[in-house]
Trainee: 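The structure under discussion is supplied below as structure tokens; questions concerning it will follow.
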Amino acid sequence: MTLTEQIITIAIASVTTMATRFVPFFVFPEHKPTPRFVKYLGDYLPPAILGILVVYCYKDQILTINRETLWGIIAGTITLGIHFWKQNMMLSILAGTASYILLLNFVHF
Amino acid sequence: MKSQTFKFAFQKTIPIMAGFIFLGATYGIYMHQSGFNFLYPTLMAATIFGGSVEFVIANLLLGKFNPWLVFFLTFIINSRHLFYAISMLSKYRGTGRKQIFMVFGMCDETFAINYSTKVPSNIDHKEFMFYVTLLDYAYWVSGAFLGGVLGGLITIKLPGLDFVMTALFLVLFANQFINEKSHFSTITGLLLTFITLFVVGTQWFLLVSLILMVIILRIRYHREVAK
């Protein structure tokens, strides 16, 4: 690949990615009333996306069951447990990540 | 007020700082090992700003020039942003010129934080969302830069640190679940994605889940309107 071809490749990836982020803002501009269903999506889609992203993070551990799956479940349970107990975001993330790192690096079977 | 807002935004993005600098550096090192100098990972991080696509493009740069494949793969991987944008239409509006950058920098993590965070009354919400976008962008680009520059000298090895992202999304999901009145969307999203992952595999399950979720909500919307 020549330098020009490399630049074009990167530019296509950049413009395409930008399009995925900007297009809805152009399709539903500020000065026109947004369709009611689109507003409805704005209210009910994001909670679903948060669920989708959780599964996304676990995708490899779900499809290939191994010890990382177990550590992922344990560390996830610790994260959620501490979060429901203390309701402190930083603490929950820190505890969950630390336990995952420790389990992955020091517990072998 | 401005500095308070910045401080609040910084606190909320600390987990992302850990995750992005680590993953960004991993990407930079990967680029270095693939034979590219530091300008490649830095500029790609700054212009594309989408982690998984950047890894894919790194591979494509090593092969034969194929612009359609670049377009197709980028669109498939990043089409989820369309749904984030629809969700943020009203929240991002009225932010003036900053809105352009906020839309440009709308990645998974920034979207999730900006959607979920309840800001106290002494914090400007729109300003907060702008700072979160800016900080997350800065973390990722500096991570990629560092990895690209130091790629030959160091290898970062802390297996498991990437769990910080999983933990972040788990906590945001939990917050949503605690605060919402109806659990319909959260539970449907979770179960639906779990099933589609097995049915269509890792390449397609995100897009398929999002489209199915929109269809489900369309049906639900009709029922509610009909009432």
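Protein chains get the first letters and strands the later ones, always in sequence-line order, with residue 1 at the start of each. Treat the numbers as computed from the prediction; the structure is a model and nothing was measured.
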Trainee: Is it the case that more than 12 heavy atoms not belonging to B:Phe198 sit under 6.0 Å from its CZ atom?
Mentor: yes

Trainee: Taking side chain as C-beta onward, heavy atoms only, is B:Arg220 less than 4.5 Å from A:Tyr40?
Mentor: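 Yes, close enough: below the 4.5 Å cut-off.
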
Trainee: List the atom of A:Met89, the atom of B:Val171, and the distance in Å for their closest heavy-atom pair.
Mentor: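 Minimum heavy-atom contact is CG-CG1, 3.2 Å.
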
Trainee: Between B:Tyr40 and A:Gln6, does a side chain to side chain contact (heavy atoms under 4.5 Å, CB included) hold up when you go through it step by step?
Mentor: CA-CA 10 Å; B:Tyr40 281 85; A:Gln6 287 183 343; 2.3 Å; yes

Trainee: Does any backbone or side-chain atom of A:Val23 lie under 4.5 Å from a heavy atom of chain B? Answer side chain, backbone, both or neither.
Mentor: side chain

Trainee: Using modelled atom types only, decide if a donor and an acceptor are shared between the side chain of A:Ser14 and the backbone of B:Thr47 within a distance under 3.5 Å.
Mentor: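 Judged by distance alone, yes, a pair lies under 3.5 Å.
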
Trainee: Report which part of B:Ile100 has an atom under 4.5 Å of a heavy atom belonging to chain A: side chain, backbone, both, or neither.
Mentor: both

Trainee: What's the verdict on side chain to side chain contact (heavy atoms under 4.5 Å, CB included) for A:Leu53 and B:Glu109, showing C-alpha distance, side-chain angles and the deciding distance?
Mentor: CA-CA 10 Å; A:Leu53 287 171; B:Glu109 292 75 8; over 6 Å; no

Trainee: With chain A as the partner, which of B:Asp108, B:Leu161, B:Val53 has the greatest number of non-hydrogen pairs under 4.5 Å?
Mentor: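 Answer, by heavy-atom pair count under 4.5 Å with chain A: B:Leu161.
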
Trainee: Examine whether an atom of B:Val214 lies under 4.5 Å from a heavy atom of chain A, and if so say whether it belongs to the side chain, the backbone or both; otherwise answer neither.
Mentor: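 Both the backbone and the side chain of B:Val214 come within 4.5 Å of chain A.
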
Trainee: Is it the backbone or the side chain of A:Gln87 that comes under 4.5 Å from a heavy atom of chain B, or both, or neither?
Mentor: side chain

Trainee: Check this for me: A:Lys39, atom NZ, are more than 12 non-hydrogen atoms of other residues, nucleotides or ligands nearer than 6.0 Å?
Mentor: no

Trainee: Who among A:Thr79, A:Ile8, A:Ile101, A:Thr34 has the most heavy-atom pairs with chain B under 4.5 Å?
Mentor: A:Ile101

Trainee: Examine whether an atom of A:Ile93 lies under 4.5 Å from a heavy atom of chain B, and if so say whether it belongs to the side chain, the backbone or both; otherwise answer neither.
Mentor: both

Trainee: Going from CD on A:Glu30 to CD on B:Gln99, what distance comes out if it is rounded to the nearest 0.5 angstrom?
Mentor: 6.0 Å

Trainee: Quick one: of B:Val103, B:Thr186, B:Asn66, who has the most non-hydrogen atom pairs under 4.5 Å with chain A?
Mentor: B:Val103

Trainee: Quick one: does B:Phe104's side chain get under 4.5 Å of A:Phe22's, heavy atoms only?
Mentor: yes

Trainee: Measure B:Phe36 against the heavy atoms of chain A and call it side chain, backbone, both or neither at under 4.5 Å.
Mentor: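 Looking at B:Phe36, just its side chain touches chain A.
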
Trainee: Distance check, rounded to the nearest 0.5 Å: A:Leu104 atom CG versus B:Asp162 atom CG?
Mentor: 8.5 Å

Trainee: For B:Phe205, is it the side chain, the backbone, both or neither that has a heavy atom under 4.5 Å from a heavy atom of chain A?
Mentor: side chain

Trainee: Under 4.5 Å heavy-atom distance to chain A, tell me which part of B:Gln11 shows up: side chain, backbone, both or neither.
Mentor: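 Backbone only.
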
Trainee: Kindly compute the distance separating CG (B:Asn78) from CE (A:Met18), expressed to the nearest 0.5 Å.
Mentor: 11.5 Å

Trainee: For B:Phe194, does the CZ atom have more than 12 heavy-atom neighbours from other residues, nucleotides or ligands under 6.0 Å away?
Mentor: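 Counting other residues, nucleotides and ligands, CZ of B:Phe194 stays at 12 neighbours or fewer.
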
Trainee: For the CZ atom on A:Phe37, are there more than 12 heavy atoms of other groups (residues, nucleotides or ligands in this structure) within a distance under 6.0 Å?
Mentor: yes

Trainee: Quick one: do A:Phe25 and B:Leu89 satisfy side chain to side chain contact (heavy atoms under 4.5 Å, CB included)? Show the steps, please.
Mentor: CA-CA 7 Å; A:Phe25 285 87; B:Leu89 282 172; 3.9 Å; yes

Trainee: Considering only heavy atoms from C-beta outward, does the side chain of A:Leu63 approach that of B:Leu197 to under 4.5 Å?
Mentor: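 They are in contact (side-chain heavy atoms under 4.5 Å apart), so the answer is yes.
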
Trainee: Using heavy-atom distances under 4.5 Å, tell me whether B:Ser116 contacts chain A through its side chain, its backbone, both, or neither.
Mentor: side chain

Trainee: Assess the residue pair B:Phe177 and A:Leu50 against the criterion (side chain to side chain contact (heavy atoms under 4.5 Å, CB included)); give the C-alpha distance rounded to whole Å, side-chain angles, the decisive distance to 0.1 Å, and a yes or no.
Mentor: CA-CA 10 Å; B:Phe177 200 84; A:Leu50 292 177; over 6 Å; no

Trainee: For B:Ser79, is it the side chain, the backbone, both, or neither that has a heavy atom closer than 4.5 Å to a heavy atom of chain A?
Mentor: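 Interface part for B:Ser79: backbone (N, CA, C, O).
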
Trainee: Rounded to the nearest 0.5 Å, how far apart are CG of B:Leu170 and SG of A:Cys57?
Mentor: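 One gets 7.5 Å once the value is rounded to the nearest 0.5 Å.
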
Trainee: Measure the spacing between OG1 of A:Thr17 and CD1 of B:Ile57 and express it to the nearest 0.5 Å.
Mentor: 7.5 Å

Trainee: Considering only heavy atoms, which portion of B:Arg218 lies under 4.5 Å from any heavy atom of chain A: side chain, backbone, both, or neither?
Mentor: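 Both parts, backbone and side chain.
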
Trainee: Tell me, side chain or backbone of A:Tyr100 under 4.5 Å from chain B's heavy atoms, or both, or neither?
Mentor: side chain

Trainee: Identify which part of B:Ser90 has an atom lying under 4.5 Å from any heavy atom of chain A, answering side chain, backbone, both or neither.
Mentor: neither

Trainee: Is A:Thr2 close to chain B through its backbone or its side chain, or both, or neither, when contacts mean heavy atoms under 4.5 Å?
Mentor: neither

Trainee: Give, for atom CD1 of A:Ile49 and atom OG of B:Ser87, the distance between the pair rounded to the nearest 0.5 Å.
Mentor: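 The OG atom of B:Ser87 is 4.0 Å from CD1 of A:Ile49, to the nearest 0.5 Å.
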
Trainee: Mind checking whether B:Pro159 and A:Asn105 have side chains closer than 4.5 Å, heavy atoms only?
Mentor: yes

Trainee: Can you tell if the side chain of A:Pro47 reaches within under 4.5 Å of the side chain of B:Tyr115, non-hydrogen atoms only?
Mentor: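 Counting from C-beta outward, A:Pro47 and B:Tyr115 do come under 4.5 Å.
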
Trainee: Measure across B:Val164 and A:Thr97 and return the closest heavy-atom pair with its distance rounded to 0.1 Å.
Mentor: CA-OG1, 3.4 Å

Trainee: If I compare all heavy atoms of B:Val70 with all of A:Ala13, which pair ends up nearest, and what's the gap?
Mentor: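 The pair with the smallest heavy-atom distance is CG1-N, 3.9 Å.
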
Trainee: If you count heavy-atom pairs within less than 4.5 Å of chain A, which of B:Leu206, B:Ile77, B:Leu73, B:Thr188 leads?
Mentor: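 Option with the greatest count: B:Leu206.
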
Trainee: Taking side chain as everything from C-beta outward and backbone as N, CA, C, O, which of these in A:Ile52 sits under 4.5 Å from a heavy atom of chain B? Side chain, backbone, both or neither.
Mentor: both

Trainee: Taking the side chain as every heavy atom from C-beta outward, state whether B:Phe169 and A:Tyr56 have any pair of such atoms under 4.5 Å apart.
Mentor: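 When only atoms from C-beta onward are counted, A:Tyr56 and B:Phe169 do not touch, as no gap falls below 4.5 Å.
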
Trainee: Given side chains that start at C-beta, do those of B:Leu217 and A:Leu45 come closer than 4.5 Å, heavy atoms only?
Mentor: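 With C-beta onward as the side chain, the pair touches.
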
Trainee: Need one label for A:Ile10: side chain, backbone, both or neither, based on atoms under 4.5 Å from any heavy atom in chain B.
Mentor: both

Trainee: Can A:Arg21 be said to sit on top of B:Tyr84's aromatic six-ring, NZ or CZ under 6.0 Å from centre and within 45° of the ring axis?
Mentor: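 Relative to the ring axis of B:Tyr84, which defines the angle, A:Arg21 lies outside at least one limit.
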
Trainee: Could you label the plane-to-plane angle of the A:Tyr58 and B:Phe163 rings as parallel, tilted or perpendicular, counting under 30° as parallel and over 60° as perpendicular?
Mentor: perpendicular

Trainee: Just wondering, do B:Met213 and A:Tyr44 contact through their side chains at under 4.5 Å, heavy atoms?
Mentor: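 With C-beta onward as the side chain, the pair stays apart.
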
Trainee: What are the two closest non-hydrogen atoms of B:Ile86 and A:Val38, and how far apart are they?
Mentor: CG2-CG1, 4.0 Å

Trainee: Identify the two heavy atoms, one from B:Ala174 and one from A:His83, that lie closest to each other, and give their separation to 0.1 Å.
Mentor: CB-CD2, 3.9 Å

Trainee: Only pairs of heavy atoms separated by less than 4.5 Å count here; which of A:Leu103, A:Ile78, A:Val27, A:Leu41 has the most with chain B?
Mentor: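 Among the listed options, the one with the most contacts to chain B is A:Leu41.
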
Trainee: Check A:Gly51 against B:Leu190 and note the closest heavy-atom contact, atom names and distance.
Mentor: O-CD1, 3.4 Å

